[in-house]
Amino acid sequence: MMAGPFKIGVEDDTGADLGFVLSCLALGMITMQEFHQWIRHVIAQSPGGDVPPHLDALLALQKPASVFRPNEAVMRRIPHDPFITDERFDAMLGLQYFLRRDKTQAVDMTQAEAEGALRTHPEVADRFFALFPFLMEKVA
């Protein structure tokens, strides 16, 4: 399913953007508040506010664990983003290092390792900031 420029389905392979965003939430790259901000961004960018009901249901959830628990009322399955490969996963962790300097890191990664992973796969940061333009100041 598409909502404006976003791929946010859950029934088939049409949820790549939502899958990437959920991976970012699971890795601690974004907070639950930023996840909700992204959903509101998607709604604002969608013609006529035409978005699937699972986005509204996700807005009502308050804890990340609730997002990933199977729930017929929210999402029966978590969408997958084929963009995320093992190599790009390391770059996602590298980006998480810079986004969450104020928090305990999800993994034990040095700044040099984070920089190297992002240098090897700059497309990860490009994808992240394309989906989260409102978070650009976090790494500036």
Side-chain angles (χ1 to χ4, degrees):
M1 165 167 285
M2 295 282 294
F6 301 97
K7 297 175 183 173
I8 54 172
V10 294
E11 300 303 321
D12 51 26
D13 293 332
T14 61
D17 292 339
L18 181 56
F20 184 84
V21 169
L22 291 171
S23 294
C24 291
L25 180 64
L27 290 174
M29 294 169 68
I30 60 170
T31 65
M32 196 66 181
Q33 179 183 356
E34 291 163 341
F35 176 59
H36 287 161
Q37 189 176 0
W38 179 78
I39 293 171
R40 288 189 291 277
H41 175 71
V42 169
I43 292 169
Q45 298 293 314
S46 298
D50 184 25
V51 295
H54 62 267
L55 282 190
D56 287 326
L58 287 168
L59 269 176
L61 301 177
Q62 298 304 310
K63 296 181 180 178
S66 302
V67 174
F68 300 104
R69 190 175 303 125
N71 183 336
E72 288 294 319
V74 181
M75 292 186 303
R76 287 184 289 242
R77 68 185 276 279
I78 303 295
H80 170 69
D81 181 7
F83 174 84
I84 302 172
T85 62
D86 289 344
E87 297 80 17
R88 287 180 177 147
F89 183 81
D90 289 343
M92 290 176 76
L93 294 176
L95 187 55
Q96 189 261 0
Y97 176 91
F98 292 105
L99 291 167
R100 298 293 158 209
R101 289 179 191 224
D102 57 332
K103 307 271 191 265
T104 303
Q105 299 302 307
V107 295
D108 188 23
M109 180 177 259
T110 66
Q111 181 172 337
E113 291 169 330
E115 289 171 351
L118 286 167
R119 220 178 349 268
T120 304
H121 292 284
E123 68 274 12
V124 170
D126 293 344
R127 179 152 170 75
F128 182 86
F129 290 112
L131 287 171
F132 299 102
F134 49 87
L135 294 180
M136 287 292 286
E137 71 278 356
K138 264 202 179 310
V139 294

Original post:
Could you state the interatomic distance from CD1 (I8) to CD1 (I39), rounded to the nearest 0.5 Å?
Top reply: 9.0 Å
**OP:** Report the C-alpha separation of H41 and F134 in whole Å, then their side-chain angles, then the decisive distance to 0.1 Å, and conclude whether the side-chain contact (heavy atoms from CB on, under 4.5 Å) test is met.
**Re:** CA-CA 9 Å; H41 175 71; F134 49 87; 3.9 Å; yes
**OP:** Could I get the full list of side-chain contact (heavy atoms from CB on, under 4.5 Å) partners for Q62, not counting sequence neighbours?
**Re:** H36
Subject >> Over all atoms of both residues, closest heavy-atom pair of P79 and L22 >> reply: CD-CD1, 3.8 Å
Original post:
Heavy atoms, side chains only, cut-off 4.5 Å: are F35 and L61 in contact?
Top reply: no
Original post:
Are I30 and Q37 close enough that some pair of their side-chain heavy atoms sits under 4.5 Å apart?
Top reply: no
Subject >> Contacts of type salt bridge (Lys or Arg N to Asp or Glu O under 4.0 Å), residue R76, not counting sequence neighbours >> reply: E11, E72
**OP:** Determine the minimum heavy-atom distance between P5 and Q45, stating which atoms define it.
**Re:** CD-O, 3.8 Å
Original post:
Tell me the salt bridge (Lys or Arg N to Asp or Glu O under 4.0 Å) pairs involving residues 84-99, sequence neighbours left out?
Top reply: R88-E123
Original post:
Nearest 0.5 Å, what's the CG-OG distance between L55 and S46?
Top reply: 7.5 Å
Original post:
Do L58 and M75 touch side chain to side chain, with heavy atoms closer than 4.5 Å?
Top reply: yes
Subject >> Distance, nearest 0.5 Å, that separates CG of D126 from CG of L131 >> reply: 11.0 Å
Original post:
With A16, which residues qualify under side-chain contact (heavy atoms from CB on, under 4.5 Å), at least two apart?
Top reply: K7, D81, P82, R127
Original post:
Roughly how far, to the nearest 0.5 Å, is OG of S23 from CD1 of I78?
Top reply: 9.0 Å
Subject >> H121: partners by ring-ring contact (aromatic ring centres under 6.0 Å, His included), with sequence neighbours left out >> reply: none
**OP:** Mind telling me whether F6 and W38 have parallel, tilted or perpendicular rings, with 30° and 60° as the class edges?
**Re:** perpendicular
Original post:
So, for R40 and L59, which heavy atoms are closest and what is the spacing to 0.1 Å?
Top reply: NH1-CD2, 3.7 Å
**OP:** Quick one: closest heavy-atom pair of V124 and F20, and the distance?
**Re:** O-CZ, 4.3 Å
Original post:
Taking all non-hydrogen atoms of both residues, which atom of L95 and which atom of A125 are closest, and how far apart?
Top reply: CD2-CA, 4.1 Å
**OP:** Sequence neighbours left out, what passes side-chain contact (heavy atoms from CB on, under 4.5 Å) with R119? Give chain and number order.
**Re:** E115
Subject >> Working for side-chain contact (heavy atoms from CB on, under 4.5 Å), residues Y97 and T110 >> reply: CA-CA 8 Å; Y97 176 91; T110 66; 6.0 Å; no
Subject >> CG-OG1 distance between L135 and T31, expressed to the nearest 0.5 angstrom >> reply: 8.0 Å
Original post:
V10 and H54: which non-hydrogen atoms are nearest, and at how many Å?
Top reply: CG1-NE2, 3.8 Å
